[in-house]
Each structure stands twice: as C-alpha cells, then as structure tokens.
Number of protein chains: 4
Amino acid sequence: MDGFQKRKEQKKRNILEAAQQLFMTYGVQKVSIAEIAKKANVSQVTIYNYFENKHSLINEVFIYYVDEALKEFETTVFSDVPFPEKIKKMIFSKKRVANEIHHEFYEYLMKEYSNDGNYIERIYEEKAVPYFTHLFNEGKEEGYLNPELSHEAILFYLKMLSEYIQREDVYRHILPLTEDITRIFFYGIMGQD
Amino acid sequence: MDGFQKRKEQKKRNILEAAQQLFMTYGVQKVSIAEIAKKANVSQVTIYNYFENKHSLINEVFIYYVDEALKEFETTVFSDVPFPEKIKKMIFSKKRVANEIHHEFYEYLMKEYSNDGNYIERIYEEKAVPYFTHLFNEGKEEGYLNPELSHEAILFYLKMLSEYIQREDVYRHILPLTEDITRIFFYGIMGQD
Amino acid sequence: MDGFQKRKEQKKRNILEAAQQLFMTYGVQKVSIAEIAKKANVSQVTIYNYFENKHSLINEVFIYYVDEALKEFETTVFSDVPFPEKIKKMIFSKKRVANEIHHEFYEYLMKEYSNDGNYIERIYEEKAVPYFTHLFNEGKEEGYLNPELSHEAILFYLKMLSEYIQREDVYRHILPLTEDITRIFFYGIMGQD
Amino acid sequence: MDGFQKRKEQKKRNILEAAQQLFMTYGVQKVSIAEIAKKANVSQVTIYNYFENKHSLINEVFIYYVDEALKEFETTVFSDVPFPEKIKKMIFSKKRVANEIHHEFYEYLMKEYSNDGNYIERIYEEKAVPYFTHLFNEGKEEGYLNPELSHEAILFYLKMLSEYIQREDVYRHILPLTEDITRIFFYGIMGQD
DNA sequence: AATGAATGAGGGTTCATTCAT
DNA sequence: GATGAATGAACCCTCATTCAT
C-alpha cells in the first residue's frame, strides 16, 4: 500500500473513530453527519465520498468496533494469567471486549436493516464462540466452572455483565462493588459455606 | 373530581399510554409528536395543552411507567411465595418490574436533561430501596443470601438481569437457559459441591 | 363547503397555480420547493402539508392543468362558430387547450413514475377523445375533412400543432405565419388548384 | 496534427459523445458530470480540462450535434431521390436531421443563457436555410409545393414534425399513421377531390 | 379546551466545481 | 495533462412547536 492509499485509509479511520465516539456518547440517531464531519475535520461531502450514506457509515463503524473488540478479546483469552483474572478483566475492562456489542448499535441495525445484522452475527459466531469455548474449557479443567452449566448460560452472564458495565451511568456506580460482583459471578448470591 | 376533570384526566392518560407504547416499540427519538397524536386520537396541539413540550411528555411517561412498575414490584415482594420464587419472578417476568428502568428512557433523560433524572432517581430511592431491603432481609433469614454480600451488589445483578432480559432480542435467546441462569445467580459459575 | 374549507381550497389552488407557472416557465426540475413557496407566499412546509412530496405536487399540478384545458376545449368544441374557426382557435389559442399536454410534464411523469401517467392517459381517453370525435364528425359533414383520413392522424396534427405553438420560443416566430400554417393544415403544402 | 493532438482530440470526442448520449436519454439536467466522466472513462477533472464548465460542455455537445445533423441533412437534400421521398425521410427519419433541434437542448440554452442561443441560431441560419431553399425550390419546380406558401411556414411544419416525431413517446404511437400523416402534409386535412 | 394550519430550524444527500499531487 | 480528494451551496424533506380560530 503506497503513501497515497495510506493517507486515504488514515482519513477513513479518522472518520470512523470520530463517528464511533459520537455514536457511543450521544447515540446513533442524535449524531448528525455534520457533527461527525466537524469532529473529523472534514466536510460533510467527504464523508459521503467514503461511505454511501449514514447507514453505511454506522454499519462500518460497527464492524470496525467489533473487529477491535475481537482482537482485544483474543489477547485476553490467550494471555498468561489465571482463569479468574481473565474473567475479571473481561467483565470490568472499561475497554470494549468482544463479547459485548453496544446496545444501541445492535438495536439500530436489527430494527432498521434487519438483514445486515445477520452478517455481524455470523462473524461473531465464527470467531468469538471458539474463543469462548477455549476459555470455558480452561475454566472447567481448573475447577472454576461447574461442568453441569451450559456454555450458553455462562456466556449470557459474561455478555450481560460486560455490556452493562460498559454503560457510563452504570460504571460510575459499581466501581466499589467490583469485589462483590465478581464473587457473585463465581459463587452466586448464596455464597458457599 | 367532577366529570369534567375526569374526562380530562382520561385524555391525558390516553396520551401517556399511546406515547409509552410508541416509545417502547420505536424508541424515544424515532417517535414524533404527530404519531403520538394520531395514536391517541387527538390533535398535536392538544398534547401541548397537557405537556409543556416533548421532553416533558417523555418525563411524565417515564414517571407513569415507573409508578406502574413499582406497584407490580410491591405485589411481588409482599406476595406469599418462597424467596427463590420471588427472585425468579423478578428476573424473568416479561412484565416490567420496578428494579428495571428501560434503557433508552433512562439514557435519554440522563444524557439530555441530567437534572431531571435526579428527581426520578430520588423517587426510586425512596420507594424501591425499602422494598429491596425487605426482600433481601427475608432472603438472608431464610439462608438464601450470603450475608457478607452488599445489598448494592445483589441489587446490581437483579437490575441488570431483569433489564437485560427485557430486551426483545435477548429474551428470545435465553428462554431455554432459564434454569441455568437462575442457578448461576444463586450458586455462581463455580457451583457448589 | 364552509368558509374554512373554502379558504383551504383557495390556498391549495394558490400553490398549484404558483407551481404551474413556475413549472411552465423553468421546467419541472429547475423549480425548487422553496421557489414555489415564495411565489405562493407560504412556507415550504405548508406545501408539504398539502402535497405528500414534490412528485405529488407535480402530479396534481398536471391534473389541475389537464382539467382546466379540458373545460376550455369543451367550450370550443360546442361553441357556435364554423368548423374552421374552431380548428384555428384550437391551434393558435395561446391559452392551453385540452389536446395539448405540456411536453416536460408528460416526459417527467412517464420517465420517473411511469405508472401514474396511465391514470392521466385514461382520463384523457375517456373525456377528450369523445369531444374530438364530435368535432371531426362535424368537420366531415361540412366537407372540411377528408373522410378517408383516420381520426388519429388528424388528432396527431392538432396535438402537435397546439403543443408546439404553446412553446414560448416558437410562438414568437410564427405569429406572422398564422395564415399559411392554417392553410397548410387544411390544404397541405401542395395546395389546391 | 501530431499524434499527441490527435489523442487529445479523440478524448474530447469521447467526452462529447458520452455526454450527448446521456443528455438525450436522461435530459440535460438529470445528467451529472460524474456520470459523464464515468461513461467517458475519464476523471471529472479531465472534463474540466477540456470544457470550462457544465454549460460549456452542453454548448459544445449541442454544436457537435447540430454539425452532425447538418451533414446528414445535406446528404438527404442532395440525394438522388424524388422530392416526396426526401420529405418523408426528413420527417420520419428516426435519425436526427438538421431541421430538428432537440427540444430540451434548445430550451435549456434559450432559457438559461439566451445569448449563446443566438450563436447557434446564426450558424443554423447560415448553413441550414440555404439547403432548405434549395429543397423547396426543387419542390416547387416539380409541382409539389404551392408557390404561394412562404418558406417559413413549410419549414415550420417540417421542423415541428421531425422534432415531434423524434420523441420516444410519440414515435411509438404514430408508426401506423405514417401514410396519413404524409398525406396531410401534402394535401391537408381537406384532401383533394 | 381543541384544532387545522403554518413555520423555523435542522437533517441527509447530491452536485458542479476546485485543490493538490 | 490527469487524477483522487475535497468542498460550498443547494435541494427535498421532517419535526417540534406556535398561531389563529
């Protein structure tokens, strides 16, 4: 890729990142193309040179986002730390992790253009699920996971937790509860005697 | 309250309910005043006669909604069923329960008009928290709750679970996992021997 | 129809007429909603309150236009003047006559929304054609029309002539030719001896 | 002209022809510079290297078009067929002939940039009119033309007919009427006894 | 109190045209 | 000379809100 292409890619990435930030802060619908253009320091039309329309942009932001999250997730899963640490990291990492798909994006795509969502979902199944399987098997071998539990149920909790914690309004409130939340995840509200 | 007032109240309630339904189906931003007016069989201006502006309407819908949820919650807490049943009901009831505040409403109010949210929050604290305390004490007495856990942490899980499950897209996928999810909530992913 | 309705109708007519004039002067595409609004002394949105979108407006202008032309045409056909006079009037009347459908309108509707055109065409066939038949029969009886000629061919000339003459740029140039043009229509370029 | 110049000329012609085709199919206004560039396989800027702006391009396309038509016209006029055949050919040739100037082009130039039109008109007068004179004299000599008729009036009919028939929507409908239309042109609607 | 009518502000999108390489 | 990238202006249309009855 020559310098020309490179700069183009860079600009596209700028737009994507500006859009991503704004989308996450204000929601997809509230953000206008004009705002994104301003934040990315380009004209509105430039955005249209890179993306067919707003929906395309949203879609690409979404893919960009999921890709980045997947990478981070992979790193965590194959890192050299004990199982509980991995779990903790996945739950509380304020950085986005793969098992979490921001709610509004998802709903938006699902509702408005239901077919596109499937594409995302497919990628997700193909890439993320194997990582989870790996992780859960590790957990079981080390005795941290009740082998009778279905992967789906555990996954459900993980997704829910990390997605929920991702939310600004939530995150602020639960920082002091970190320990207890982890405990509940591992031992339940009943705890162990 | 005379018949006049009564009819007036009724009309207001019509508007609130029309708005609520539309908000929940399409999201707050996607719903226009015109649509609400149509669904409530009134003119747009009539809505402005009852509510200062769209935000006021959203706010009142929100309050209306929380009130209804609180009532339902109260019924559950003081009902004559075992503790685990109550928990299950709170988590999986597809009907709205008080510990759950619909995501988009909440975010909307928080983000756009952060002061108003406090009002809601205050009501919430004053009414809902005591119910929770009652519930959790009952749980502890009956040995279902690890007394070392903070109420906040348990509450966090409850809210998260019920809110998350409320989502259409989630609900469909986790019905078969009901048992496991409850189990994790009570005993954690590690389970008990 | 009460005064309320009446004023509404009047306003709609204002918009239609403003639009019609602009369309005829500058062509359908060159005219913006803003211009029409300005000329009709209303806001842009008011136009959208009366017409679904620009295409709807064009369509209604078109119908309005055809209707008026039909009325005028009817008057001419059943008026108490000799056949050649009627023909002359139909050809040279700078006012629009029914056998003429402005080119750009027609092309626009045909090209962009080909189904709508059929509706117009149907009305046209049902209403205009009988008038023409009446006129042509009169012409034949009085010996002004070669009975061997098909109605279609004569109609073709009539439409063509009046539509063509309607054009500003053409009209200016052919005023002095009126007599000859009529002559050619009746007797052809060969003339009669 | 060296090979360099030649290639340059070729490129310019490519652009002109691409533009002409698009203009005739979709109308002048509907065609964007981007589309022309795509069809001519050049960049948008290249078009601006050859033509000052869109209007210049339209203008040159127009001239290009008239030139081609003139050539064709010349061929017809001086061809070795009887007068009536020439006339028929000029009227019904679906190929463009010189006495016809495509409506939209003409209107566009006349309306938007009325001064330029004169230039075209001048060329037209200087080149086309002599051909017509030649043709009409031939017609008179052979007894096909009423010598009392002004050339202008006959020309008017010719232009009108060929231009009108050029229109897609018209052409389809009048094919079966060819004979009658010619007859009317020669003998009028009254016919001859 | 209720409504039909009207509107200013703003959103997404397109286009002719220019900049920079 | 040729191009990819960038843009200001304009267009169609929507929406929360107000006016006038």
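We name chains A, B, ... by the order of the sequence lines, and we start the count at 1 in each one. Predicted model, so just to flag it, every value in this text is computed and none were measured.
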C/His55 NE2 to C/Glu60 CD distance, which is reported to the nearest 0.5 Å: 10.5 Å
Between NZ on residue A/Lys12 and CG on residue A/Leu57, distance to nearest 0.5 Å: 9.5 Å
Pairwise distance CD1(B/Ile36) to CG(B/Leu16) - rounded to 0.5 angstrom: 10.0 Å
Along DNA chain F (nearest heavy atom to each residue), the more 5'-positioned of A/Val42 and C/Tyr48: A/Val42
Rounded interatomic separation in angstrom, taking CD from D/Gln44 and P from E/dA20: 18 Å
d(CG, B/Asn49; P, E/dG4) in whole Å: 13 Å
Value in whole Å for how far the P atom of F/dT17 lies from CG of B/Leu57: 10 Å
Integer-rounded Å distance: F/dC11 P and C/Tyr26 OH: 14 Å
Sugar-phosphate only, base, or nothing, as touched by C/Thr46 at under 4.0 Å among non-hydrogen atoms: base
Whole-Å gap separating P (F/dC12) and CZ (C/Phe51): 15 Å
Structure string for DNA chain F in dot-bracket form, Watson-Crick and G-U at under 3.5 Å, | interchain: .||||||||||||||||||||
For residues 37-44 of chain C, which side-chain N or O atoms pair as donor and acceptor with protein atoms under 3.5 Å away, sequence neighbours left out?
from	atom 1	to	atom 2	distance (Å)
C/Lys39	NZ	C/Gln21	OE1	3.1
C/Ser43	OG	C/Val45	N	3.1
C/Ser43	OG	C/Thr46	N	3.4

A/Phe51 side chain near A/Ile15 side chain, heavy-atom distance below 4.5 Å: yes
Interatomic distance, B/Lys30 atom NZ to B/Phe23 atom CZ [nearest 0.5 angstrom]: 14.5 Å
Spacing between D/Ile33 atom CD1 and F/dA6 atom P, to the nearest angstrom: 20 Å
Euclidean distance, atom CD of residue B/Gln29 to atom C1' of F/dT14 [Å, nearest integer]: 15 Å
Residue whose closest nucleotide on DNA chain E lies nearer the 5' end, C/Asn41 versus A/Ala34: C/Asn41
Sugar-phosphate only, base, or nothing, as touched by C/Tyr50 at under 4.0 Å among non-hydrogen atoms: sugar-phosphate
Below 4.0 Å: OP1/OP2 of E/dA2 and any side-chain N or O of B/Lys11: yes
Which residue lies more 5' along DNA chain E, comparing C/Val45 with A/Asn53 via nearest heavy atoms: C/Val45
Gap between atoms NZ and P, on C/Lys54 and E/dT13 respectively (whole Å): 19 Å
B/Glu17 atom CD: more than 12 heavy-atom contacts under 6.0 Å: yes
